[in-house]
Amino acid sequence: MWGPEGLDEVKAELLGPPEELKGRDVLELGAGAAQCSRWLAGQGARPVALDISHRQLQHALRIGGPFPLVCADAGALPFADASFDLACSAYGALPFVADPRLVLREVRRVLRPGGRLVFSVTHPIRWAFPDEPGPEGLSVAASYFDRTPYVEQDDAGHAVYVEHHRTLGDRVRDVVASGFRLVDLVEPEWPAWNTSEWGGWSPLRGNLIPGTAVFVCVRD
Ligand SMILES: C[S@@+](CC[C@H](N)C(=O)[O-])C[C@H]1O[C@@H](n2cnc3c(N)ncnc32)[C@H](O)[C@@H]1O
């Protein structure tokens, strides 16, 4: 699943035709509970699920799956050059790092020539709107161009959650400057069947403004 709209890889085929996933080495970045790796393993691929959070990987382990779990920072991948055919990430790692090019360059390094990276992030336009599913989430409240990160702190003033904003143009430049060719930028439309609300994502907002951006990149 690429985002709360409900666009799934079966329908989107952004990693390529499912029948060609068999035997492919796939790196999932910011895997969380490793839903994507579980699906990929079901297609006969050989995924590796990577996340910086040990706690998230404990959930992945509890749910299970025939693939390795790796606790590491996406900006310092513990793999040899040219180890993977594909890399994917559904809202993983990239929105949370200050230097996304570090991650993208690392992914390029571990991909084989011709390899593909597909990653989704919150659509940058959402930065300008309150993160609310109702009508209050439809009025611009902040500058789209303000790159000041969103930070939540604990009582001691330590950052416990940080999200970094990149404009659409920033993301395109990050991809290209890291040595990838951008072959598609998918903005999933909200489908009629999806009546659920999740955080700031809702049918009301989804019908009016995009909520997810999916970047399809090739390492030539
Ligand atoms: C919004 S969750 C997405 C999880 C999963 N991909 C999904 O679709 O449910 C973001 C994940 O990125 C991970 N993450 C954040 N920064 C990271 C980094 N620098 N390296 C690796 N993983 C990171 C978080 O620990 C978290 O599990």
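Predicted model, so just to flag it, every value in this text is computed and none were measured. Atoms within a ligand are numbered from 1 in the order they appear, just like the ligands themselves.
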(message) As an exercise, identify every atom of ligand 1 less than 4.0 angstrom from a heavy atom of A31.
(response)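 That gives atoms 5 (C), 6 (N) of ligand 1.
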(message) Any nitrogen or oxygen of A74 lying under 3.5 Å from a nitrogen or oxygen in ligand 1? Just yes or no.
(response)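 Between A74 and ligand 1, an N or O pair is found under 3.5 Å apart.
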(message) Can you pull out every salt bridge (charged side-chain N to carboxylate O under 4.0 Å, His left out) where at least one residue sits in residues 112-122? Sequence neighbours excluded, please.
(response)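 Checked against salt bridge (charged side-chain N to carboxylate O under 4.0 Å, His left out) - neighbours excluded - the pairs reaching residues 112-122 are D25-R112, D85-R112.
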(message) Test of understanding: with salt bridge (Lys or Arg N to Asp or Glu O under 4.0 Å), list the residues that count as partners of D220, not counting sequence neighbours.
(response)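 Applying salt bridge (Lys or Arg N to Asp or Glu O under 4.0 Å) to D220 gives R181.
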(message) Under 4.0 Å from a heavy atom of G32: which atoms of ligand 1 are those, numbered in the order shown and with their elements?
(response)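 With G32 as reference, the close atoms of ligand 1 come out as 4 (C), 27 (O).
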(request) Tell me which protein heavy atom sits closest to atom 27 (O) of ligand 1, plus the residue, atom name and distance to 0.1 Å. (result)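 Answer for atom 27 (O) of ligand 1: D51 OD2, 2.6 Å.
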(message) Counting only heavy atoms not in F145 (residues, nucleotides, ligands), do more than 12 fall under 6.0 Å from its CZ?
(response)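 No.
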(message) Tell me the protein heavy atom at minimum distance from atom 9 (O) of ligand 1, and give that distance in Å.
(response)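 Its nearest protein heavy-atom neighbour is Q35 NE2, 3.2 Å.
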(request) Would you mind listing which atoms of ligand 1 come within a distance below 4.0 Å of any non-hydrogen atom of D73? (result)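 Result: 18 (C), 19 (N), 20 (N).
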(message) Applying a heavy-atom cut-off of 4.0 Å, say which part of M1 lies close to ligand 1: side chain, backbone, both or neither.
(response)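 It is neither part, as no heavy atom is under 4.0 Å.
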(message) Quick test: of every protein heavy atom, which one is nearest to atom 21 (C) of ligand 1, and how far off is it to 0.1 Å?
(response)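 In this structure, atom 21 (C) of ligand 1 has I52 N, 3.4 Å as its nearest protein heavy atom.
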(request) Rounded to the nearest 0.5 Å, what's the gap from OG1 on T122 to CG on L94? Could you check? (result)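 If I round to the nearest 0.5 Å, the distance is 11.5 Å.
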(message) Tell me the protein heavy atom at minimum distance from atom 16 (N) of ligand 1, and give that distance in Å.
(response)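 Heavy-atom neighbour on the protein nearest atom 16 (N) of ligand 1: A93 CA, 3.7 Å.
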(request) Could you say whether the N/O atoms of F96 and ligand 1 ever approach to under 3.5 Å? (result)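 No; the residue has no nitrogen or oxygen that sits under 3.5 Å from a nitrogen or oxygen of the ligand.
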(message) Heavy-atom pairs closer than 4.0 Å: do any link ligand 1 to the side chain of V97, the backbone, both, or neither?
(response)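 Just the side chain.
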(message) Can you confirm whether E189 is buried at CD, in the sense that more than 12 heavy atoms of other residues, nucleotides or ligands lie under 6.0 Å from that atom?
(response)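 No, not enclosed.
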(request) Kindly work out whether a path of hydrophobic side-chain contacts (I/L/V/M/F/W/Y, heavy atoms less than 4.5 Å apart) joins L29 to V214. (result)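 No, L29 and V214 fall in different hydrophobic clusters.
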(request) Considering the heavy atoms of A72, write down every atom of ligand 1 situated less than 4.0 Å from one of them. (result)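 Close to A72: 20 (N), 21 (C).
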(request) Among all protein heavy atoms, pick the one closest to atom 2 (S) of ligand 1 and tell me residue, atom and distance. (result)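 For atom 2 (S) of ligand 1, the nearest protein heavy atom is Y91 O, 3.8 Å.
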(request) Would you please indicate yes or no on a ring centroid separation below 6.0 angstrom for H164 and Y150? (result)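 No.
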(request) Report the nearest protein non-hydrogen atom to atom 8 (O) of ligand 1: residue, atom name, distance rounded to 0.1 Å. (result)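 Protein heavy atom with the smallest distance to atom 8 (O) of ligand 1: A90 O, 3.3 Å.
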(request) Can you sort out which atoms of ligand 1 are near S53, meaning under 4.0 Å from one of its heavy atoms? (result)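 Selected atoms, number and element: 25 (O).
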(message) Does the plane of the ring in Y161 sit parallel, tilted or perpendicular to the ring in F96? Use 30° and 60° as the thresholds.
(response)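 Y161 vs F96 ring planes: perpendicular.
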(message) Which label fits F119 and F215: parallel for a plane angle under 30°, tilted from 30 to 60°, or perpendicular past 60°?
(response)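 Plane angle under 30°, so parallel.
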(message) Around atom CZ of R55, are there more than 12 heavy atoms from other residues, nucleotides or ligands closer than 6.0 Å?
(response)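 No, the 6.0 Å shell around CZ holds no more than 12 heavy atoms from other groups.
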(request) Name the option, out of C71, G92, G30, that contains the heavy atom nearest to atom 4 (C) of ligand 1. (result)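 Nearest heavy atom to atom 4 (C) of ligand 1 lies in G30.
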